[in-house]
Structures are given as structure tokens and as C-alpha cells.
Number of protein chains: 2
Amino acid sequence: MSIADRKEREKEEMRRNILSAALGLFREKGYDGVSIRNIADAIEYSPATIYLYFRDKNEIFAALQYEAAGVMRDHFLPLLQIENPWERLIDFGRRYMDFGLKYSDLYDLIFIIRAPMEHVENQECWALGMTTHQFFTQTVQTCVDARYFKSTDTEAIAYTLWAYVHGVVALFVRDRMRMYPPEKREELARKSFAMFTKMIEVL
Amino acid sequence: MSIADRKEREKEEMRRNILSAALGLFREKGYDGVSIRNIADAIEYSPATIYLYFRDKNEIFAALQYEAAGVMRDHFLPLLQIENPWERLIDFGRRYMDFGLKYSDLYDLIFIIRAPMEHVENQECWALGMTTHQFFTQTVQTCVDARYFKSTDTEAIAYTLWAYVHGVVALFVRDRMRMYPPEKREELARKSFAMFTKMIEVL
DNA sequence: AAATTTTTTAAACAGTGTTTATTATTGAAG
DNA sequence: CTTCAATAATAAACACTGTTTAAAAAATTT
């Protein structure tokens with residue numbers, strides 16, 4: 001079965017080859033700015049070849065989204081070391097913003113871009129994202145249990161916190177902070193985050 | 001000068017004709033889903049004609065963005081009747097969310113979509129958006145002056161509030177609330193908003 | 001070495017934004 | 001009223017897009 005194994009390996013290599021080229025192009029030109037022919041040129045194959053490894057452009061996108069979700073999850077891994085739930089929650093927010101501001105293109109891919117999302121492939125991505133989301137919800141729940149919040153509505157609290165950090169990142173990523181000078185934008189976001197953490201102490 | 005006036009009027013009519021067709025198509029198919037040929041078909045002219053009234057597709061987009069900004073501003077007009085700054089601020093948030101959840105396509109156009117934004121045309125839109133933004137900042141400033149907040153950093157407060165409501169709307173508009181059942185999403189957003197207003201009382 | 005299966009691609013199809021040269025239509029002048 | 005210039009509209013083309021298909025090339029099995 002060695003030859004079949006090798007073929008399988010080569011198939012996987014080709015998929016990774018396509019994906020890494022696609023991700024590179026995507027990060028510099030945006031989803032709509034990248035064509036199948038661009039990707040084909042980058043990997044020095046014909047455009048038709050790509051369709052032997054991915055059903056369509058959306059499936060490539062879905063795979064990239066999955067990759068991005070993995071990078072983001074890894075970004076949260078250090079949180080497992082933090083035992084105090086409140087500290088972990090605050091650091092969760094900090095790391096969320098860090099990721100969004102630093103890897104804007106990946107964040108965009110995961111949380112902003114309009115895209116298939118109905119793809120079979122994306123169910124893996126969805127599952128990956130859900131584990132992160134559940135880890136977050138669980139952290140909030142622990143805080144609720146430990147009476148860090150006045151309210152006991154874990155769902156509403158978690159959603160409120162998420163909405164805020166997403167808002168901060170989304171405004172930044174999609175360039176809606178033009179009324180603030182470029183060099184002050186990130187600073188403002190971080191100052192706001194500090195303010196927000198103070199403010200949820202009494203939630 | 002009557003004939004030149006009529007020509008000018010007709011030119012303006014044609015622009016409006018194109019824009020209203022474009023807006024209709026845009027609202028049902030999204031920006032990328034609408035082609036110049038689609039618009040041309042809708043108004044029963046040739047595609048090339050459109051280029052006599054708009055430089056390119058981005059300029060049409062910019063004009064639509066300006067329209068949307070106008071609709072949004074109108075949505076905030078009743079706020080002028082509210083004298084108490086705190087009440088006005090809370091209603092500002094409520095109306096912001098209302099607009100975003102109700103006219104998702106317009107909100108998307110203004111605050112999410114990647115688009116020219118460097119266009120000459122858009123400077124008008126920008127100016128329009130800025131008046132709304134300044135009205136908001138001013139309301140926050142009045143609240144700060146009246147000691148409704150502990151902090152006196154008006155800029156940071158305003159940004160924090162904006163980020164939150166944008167986050168709520170953006171997650172909804174771009175369909176990132178799939179972990180919540182469809183019929184509960186808006187309810188959760190509103191419950192969160194109530195929670196948020198309670199929480200900023202001590203900001 | 002021949003036959004079969006797998007992998008790759010050239011070419012085509014219908015669509016896109018945009019430009020250009022040509023045709024209609026309109027307004028003014030003789 | 002007819003001619004002439006200016007304006008408005010368009011057909012056709014260009015280079016691009018995602019995707020499919022049939023033919024060619026390469027690798028594997030017989």
C-alpha cells in the first residue's frame with residue numbers, strides 16, 4: 001500500500017501548496033482580489049489543476065478560514081496557564097484584540113468577510129471556532145459562579161464582552177477610524193480596553 | 001438659459017435613475033453581486049451609458065454610501081428633541097442599533113464594506129458622517145461636563161460606546177451569531193444593550 | 001512493451017469592469 | 001427648412017473572472 005500512501009501524501013502536499021499560495025495572495029490582495037489564475041500562476045500549474053483539489057473558490061476560502069481559526073486558537077493557548085478566572089477573562093480580551101490588530105487579515109477572514117459559510121468543509125472550521133467560543137463562555141461562567149459579576153446571565157455577559165472587542169477590532173480592520181490620526185488608533189483602542197475592563201468590574 | 005437648465009435637470013434625473021436602480025440591486029444582491037450590466041438592464045440603457053454619468057463602479061458605490069449616510073442621519077433626527085444629555089446618549093445607542101439591525105444592508109455599506117473610500121465623491125459622505133459623529137461626541141461631552149461619567153476622557157468614552165454598538169450590529173449583519181438560534185439573536189442583542197447601559201452608568 | 005489508470009492542461013463558455021470608435025439624437029445657425 | 005456642430009447613446013472590443021470539458025501527458029499495472 002506504499003504507492004497509494006505516497007499518492008495520498010502528494011495529494012495533501014498539493015493541497016497545502018495551493019493553500020499556502022492562496023493565503024499569501026489573499027493576505028496581500030484580499031479575497032476578491034485573488035483569482036484562481038493568480039493562484040495557479042503562483043504554484044506554476046494550470047488553473048484547471050486547482051479544481052482537482054478543491055471543488056471551487058469557496059472551498060479554498062473555507063480551508064483558509066479553518067487555518068486562520070487554528071492560528072487564533074493557538075493565540076489563546078497561554079490562557080490555559082492562568083488559573084484565576086477573572087485574570088483569564090481579562091487576558092482573553094487582551095489577546096483577542098492583540099490578534100485582531102496584529103493579524104487583521106486573518107481576523108477579517110474569520111469574523112467579517114462575507115463568504116460561503118454553508119460549506120461542508122467549514123463545519124470543521126465551525127467546530128474549531130466553537131471550542132474557542134466555549135472556552136470563552138466557560139471562563140465567563142466560572143467568573144459568574146465566583147460572583148465576579150452582579151448579573152448571573154452568563155450568555156448576555158459573554159455576548160456583551162465579545163461584541164465590544166469585536167467592535168474595536170472591526171472598526172480598526174475595516175478602516176473606520178479615520179477621524180483619529182493613524183498613529184493614535186491603536187493607542188485609543190488600548191486605552192478604551194483599559195476603560196472597559198474597569199467598567200465591567202461592576203457588571 | 002432654459003435649455004441648459006433642462007439638460008442639467010435631465011442629467012441629474014439620469015444619475016438618480018442609475019443610483020436608485022443600483023441601490024435596489026445592491027440591497028438584494030450585495031455590492032459584488034451587482035454588475036454594471038445588471039444596472040444597465042434595470043434602467044434599460046446600454047452599459048456604456050452609465051460611464052457617462054459615473055467614472056466607475058466605485059463612484060456609484062460612493063454615491064450609494066452617501067445616500068445611506070443620509071438615511072442614517074435622518075434616523076437620528078428625533079434625538080434633537082431630547083434635552084437631557086444622558087437620555088439622549090442612551091437613545092443614541094438604541095437608535096444606532098435599531099438602524100443597524102433594520103437596515104443591515106445600508107449599515108454594511110457605511111461601516112463594514114471594503115470600498116474606495118479614497119474617492120473625491122466620498123468626501124461629501126465623509127462630511128455627512130462626521131456631522132453625525134460630532135453630534136455623538138458632543139452628546140458624550142455634555143454628559144462628561146454634567147459629571148455623568150467618572151472619567152473625563154470624552155474621546156475614549158465615545159469610542160468605547162461606539163465600538164460596543166458597532167460590535168453588536170457587525171456580528172449580526174455579517175452573520176457571526178450562528179451559535180444562537182435565529183429567533184433569539186435580536187433579543188440577545190437588546191438584552192445585552194440593556195446590560196451595557198446599566199454598566200456605563202458607573203463609567 | 002502494451003494497456004490502463006491517474007494527473008494535467010488547453011480551450012471554451014458565460015460572465016465581469018471599462019474603453020473606443022461609431023451611430024443617433026438634439027440645438028443652433030444660415 | 002435645412003445644414004452643421006455638439007451632445008448622448010451604443011455596439012464592439014479588451015483583458016479579466018470562475019468553471020467545465022475533452023484531449024493530452026504521465027504514471028502505474030499488466
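Letters go in sequence order (proteins before strands), and every chain restarts at 1. Remember, predicted model here, so these are calculated numbers, not experimental data.
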Next item on the list: State whether B:Tyr51 places a side-chain N or O below 4.0 Å from either non-bridging phosphate oxygen (OP1 or OP2) of D:dA9.
Entry: no
Check: Can you check the A:Lys11 NZ to D:dA27 P distance for me, whole Å?
Finding: 16 Å
Next item on the list: Can you tell me the distance, in whole Å, between the CG atom of B:Asp32 and the C1' atom of C:dG17?
Entry: 12 Å
Item checked: Distance-only donor-acceptor test (3.5 Å): side chain B:Arg37, base C:dG17 -> yes
Item checked: Any A:Asn38 side-chain nitrogen or oxygen under 4.0 Å from OP1 or OP2 of D:dC16 -> no
Margin query: Rounded to whole Å, how long is the line connecting atom CD1 of A:Ile36 with atom P of C:dT9?
Written below: 15 Å
Checklist line | Donor-acceptor pair, side chain of A:Arg27 and main chain of A:Asp105, under 3.5 angstrom | finding: no
Notebook entry, point to check: Which comes earlier along DNA chain D counting from the 5' end, the contact point of B:Tyr53 or that of A:Val34, where each point is its nearest nucleotide?
Noted result: B:Tyr53
Next item on the list: Return no unless some side-chain N or O of B:Thr49 is found under 4.0 Å from OP1 or OP2 of D:dA9.
Entry: no
Note to self: Taking the ring of B:Phe92 and the ring of B:Phe135, is the distance between their centroids below 6.0 Å?
What the structure shows: yes
Next item on the list: Consider the side chain of B:Pro47, meaning its heavy atoms from C-beta on, and name the nucleotide among C:dT18, C:dT16, D:dT10 that approaches it most closely.
Entry: C:dT18
Checklist line | Rounded distance (Å) that lies between atom P of D:dT20 and atom CG of A:Asp56 | finding: 8 Å
Check: D:dT19 C1' sits how many Å from A:Glu59 CD, rounded?
Finding: 14 Å
Check: How close or far is atom P of D:dA8 from atom CD of B:Glu44, stated in whole angstroms?
Finding: 20 Å
Margin query: Please report the distance, rounded to the nearest Å, between NZ in B:Lys57 and P in C:dT18.
Written below: 8 Å
Next item on the list: Between A:Ala48 and A:Gly33, name the one whose nearest nucleotide on DNA chain D is closer to the 5' end.
Entry: A:Gly33
Item checked: Cation-aromatic face contact A:Lys57/A:Tyr31, 6.0 Å, 45 degrees -> yes
Check: Between atom CG in A:Leu52 and atom P in D:dA22, what is the gap in whole Å?
Finding: 15 Å
Checklist line | Among B:Leu101, B:Asp175, B:Leu171, side-chain contact (heavy atoms from CB on, under 4.5 Å) partner for B:Arg185 | finding: B:Asp175
Checklist line | Under 3.5 Å donor-acceptor, B:Arg174 side chain and A:Ile112 backbone | finding: yes
Notebook entry, point to check: Would you say a side-chain N or O of B:Ser46 is under 4.0 Å from OP1 or OP2 of D:dA9?
Noted result: no
